[in-house]
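If you're wondering where the values come from, they're calculated on a predicted model, not measured in any experiment.
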Amino acid sequence: MINRPKMLNERQETRAERFFSALCTLAVILLVAFTIFNLWFVNTYFIVEVDGVSMENTLLNGDALYAKRVNFFFSAERGDVVVINVKQYGLFDEDTERVIKRLIAVEGDTVKCEHGVVWRDTGNGYERLDEPYAKGVTPDFEEVKVGFGQIFFLGDNRPISKDSTEVGCLYYADIVGVVSEEEIEKVISKREKENNESLHFFDDTRRQIMIKKELYLW
């Protein structure tokens, strides 16, 4: 009896089987990568929808956008558009859990508004804030010293916004997210595109109506 080598007795994988095995391995790798990315994304960002007009014209009622969660690795800075948890204070409407405002001053800062101009002292004397985002005239308010762990915030639509000028300073720990300038630009661009499409549709409809009228007159 002739003993053949063991490898000759084993069935060799076909090219199709090797391809299918590689495909399954790739699918598992992609699934794991997607799961990890999804977990990271959910723990890093959340969606916030604007309800109200206090952030016009930067953000409009109904705008939906991503906010990045504030944590040990990411912090909010002066000038950022922030999402603030206010439910525990009862300072806003009963159903209001969070508000979107602009962070103006933080712990140790002093801020005031004179003749519609906001001034902030971060320790080196008062400086006038350049606020191209502000809508309307900011109501004057007296000097406010931001206390330990606190924040001072305003809405961009200054005449109607309910903010620190009414409710006082809240706490930095109440900030749950930051809306980046890039995200705001995306929302504005999307809004402008939708408005342009609506205008084009209106123009096309009006043109068709005029053509039909002319044909009728002929």
Side-chain angles (χ1 to χ4, degrees), residues 39-113 118-124 127 129-135 138-139 141-188:
L39 288 173
W40 169 82
F41 191 86
V42 169
N43 285 282
T44 305
Y45 297 94
F46 63 95
I47 295 178
V48 59
E49 183 174 347
V50 180
D51 181 14
V53 296
S54 71
M55 283 299 290
E56 290 184 354
N57 288 323
T58 306
L59 300 174
L60 304 184
N61 183 51
D63 282 346
L65 55 167
Y66 284 107
K68 188 172 184 179
R69 298 183 189 277
V70 171
N71 51 40
F72 180 78
F73 303 101
F74 178 73
S75 58
E77 300 179 352
R78 301 179 187 91
D80 283 344
V81 173
V82 295
V83 183
I84 308 170
N85 187 5
V86 297
K87 185 177 181 179
Q88 65 272 33
Y89 298 112
L91 298 171
F92 295 81
D93 295 338
E94 184 178 347
D95 297 331
T96 301
E97 296 185 5
R98 296 173 176 177
V99 295
I100 303 177
K101 303 292 179 180
R102 192 172 295 271
L103 182 59
I104 300 297
V106 297
E107 172 185 325
D109 293 347
T110 305
V111 63
K112 64 180 179 179
C113 183
V118 179
W119 298 81
R120 181 179 62 206
D121 180 3
T122 60
N124 299 311
E127 293 183 356
L129 297 190
D130 181 22
E131 299 187 290
Y133 46 76
K135 178 182 179 180
T138 306
F141 56 85
E142 296 182 356
E143 185 177 87
V144 177
K145 180 71 174 178
V146 184
F148 178 76
Q150 293 186 326
I151 57 171
F152 183 94
F153 55 91
L154 297 173
D156 285 358
N157 192 355
R158 297 297 165 78
I160 62 95
S161 175
K162 186 174 184 179
D163 43 44
S164 287
T165 58
E166 293 186 44
V167 303
C169 294
L170 298 184
Y171 289 89
Y172 181 87
D174 298 322
I175 299 177
V176 294
V178 174
V179 180
S180 69
E181 287 298 321
E182 293 77 14
E183 182 67 14
I184 292 173
E185 288 298 325
K186 287 180 183 178
V187 171
I188 293 175

Checklist outcome for this item: With Ile104 as partner, the option from Asp163, Leu154, Asp80 fulfilling side chain to side chain contact (heavy atoms under 4.5 Å, CB included) is Leu154
Checklist entry - Within a reach of under 6.0 Å around CD of Glu166, are more than 12 heavy atoms found that belong to other residues, nucleotides or ligands? => result yes
Checklist entry - Is it true that Arg102 and Glu131 make a salt bridge, defined as a side-chain N closer than 4.0 Å to a carboxylate O? => result no
Next on the checklist: Counting neighbours of OH on Tyr66 that are heavy atoms of other residues, nucleotides or ligands and sit closer than 6.0 Å, is the number greater than 12?
Outcome noted: no
Next on the checklist: Working note: Leu60 + Val50, criterion side chain to side chain contact (heavy atoms under 4.5 Å, CB included); need CA distance, chi angles, decisive distance, verdict.
Outcome noted: CA-CA 7 Å; Leu60 304 184; Val50 180; over 6 Å; no
Checklist entry - Among side-chain atoms of Lys68 and Ser180, is any donor-acceptor pair under 3.5 angstrom? => result no
Checklist entry - Which atom pair, heavy atoms only, marks the closest approach of Gln150 to Cys169? => result OE1-CB, 3.7 Å
Checklist entry - Between Pro139 and Cys113, what is the shortest heavy-atom contact and its length? => result O-SG, 3.7 Å
Checklist entry - More than 12 heavy atoms of other residues, nucleotides or ligands under 6.0 Å from CD of Gln88: is that the case? => result yes
Next on the checklist: Measuring only between side-chain heavy atoms, which start at C-beta, is Val111 closer than 4.5 Å to Trp119?
Outcome noted: no
Checklist entry - Which heavy atom in Phe148 sits nearest to a heavy atom in Tyr171, and how many Å separate them? => result O-CE2, 4.0 Å
Item to check | side chain to side chain contact (heavy atoms under 4.5 Å, CB included) between Arg98 and Val48, intermediate numbers included | outcome: CA-CA 9 Å; Arg98 296 173 176 177; Val48 59; over 6 Å; no
Checklist entry - Does the Lys135 side chain pair with the main chain of Arg158, one donor and one acceptor, at a distance under 3.5 Å? => result no
Next on the checklist: For a 4.5 angstrom cut-off between non-hydrogen side-chain atoms, does Ile151 reach Val82?
Outcome noted: no
Item to check | Beyond-backbone contact of Glu143 with Thr110, side-chain heavy atoms, under 4.5 angstrom | outcome: yes
Next on the checklist: Please check if the number of heavy atoms outside Phe141 that lie under 6.0 Å from its CZ is greater than 12.
Outcome noted: yes
Item to check | Side chain proximity check, Leu91 to Leu170, heavy atoms < 4.5 angstrom | outcome: yes
Item to check | Derivation and outcome, side chain to side chain contact (heavy atoms under 4.5 Å, CB included), residues Tyr89 and Val167 | outcome: CA-CA 10 Å; Tyr89 298 112; Val167 303; over 6 Å; no
Item to check | Close side-chain approach of Asp174 to Val86, heavy-atom, < 4.5 Å | outcome: no
Item to check | Check: Val53 main-chain N/O paired with Asn157 side-chain donor or acceptor under 3.5 Å | outcome: yes
Item to check | Test item: side-chain donor near acceptor, Lys101 and Ser54, under 3.5 Å | outcome: yes
Checklist entry - For the side chain of Tyr172 and the backbone of Ser75, is there at least one donor-acceptor N/O pair under 3.5 Å apart? => result no
Checklist entry - Side chains of Thr44 and Phe74: does their closest heavy-atom pair fall under 4.5 Å? => result no
Item to check | Pairwise side-chain contact, Val144 with Ser164, heavy-atom cut-off 4.5 Å (strictly under) | outcome: no
Checklist entry - Is the number of heavy atoms from other residues, nucleotides or ligands under 6.0 Å of Asp51 CG greater than 12? => result no
Next on the checklist: Nearest 0.5 angstrom please: Phe152 CZ to Leu103 CG, how far?
Outcome noted: 10.5 Å
Checklist outcome for this item: So CD of Glu183 and CD1 of Ile188: to nearest 0.5 Å the spacing works out to 11.0 Å
Item to check | Criterion side chain to side chain contact (heavy atoms under 4.5 Å, CB included) on Val81 and Ile100, from CA distance to verdict | outcome: CA-CA 7 Å; Val81 173; Ile100 303 177; 3.5 Å; yes
Next on the checklist: Could you walk me through whether Glu97 and Lys87 satisfy the salt bridge (charged side-chain N to carboxylate O under 4.0 Å, His left out) test, starting with their C-alpha distance in whole Å, then the side-chain angles of each, then the deciding distance to 0.1 Å, before giving a yes or no?
Outcome noted: CA-CA 4 Å; Glu97 296 185 5; Lys87 185 177 181 179; 3.7 Å; yes
Checklist entry - Taking side chain as C-beta onward, heavy atoms only, is Asp109 less than 4.5 Å from Arg78? => result yes
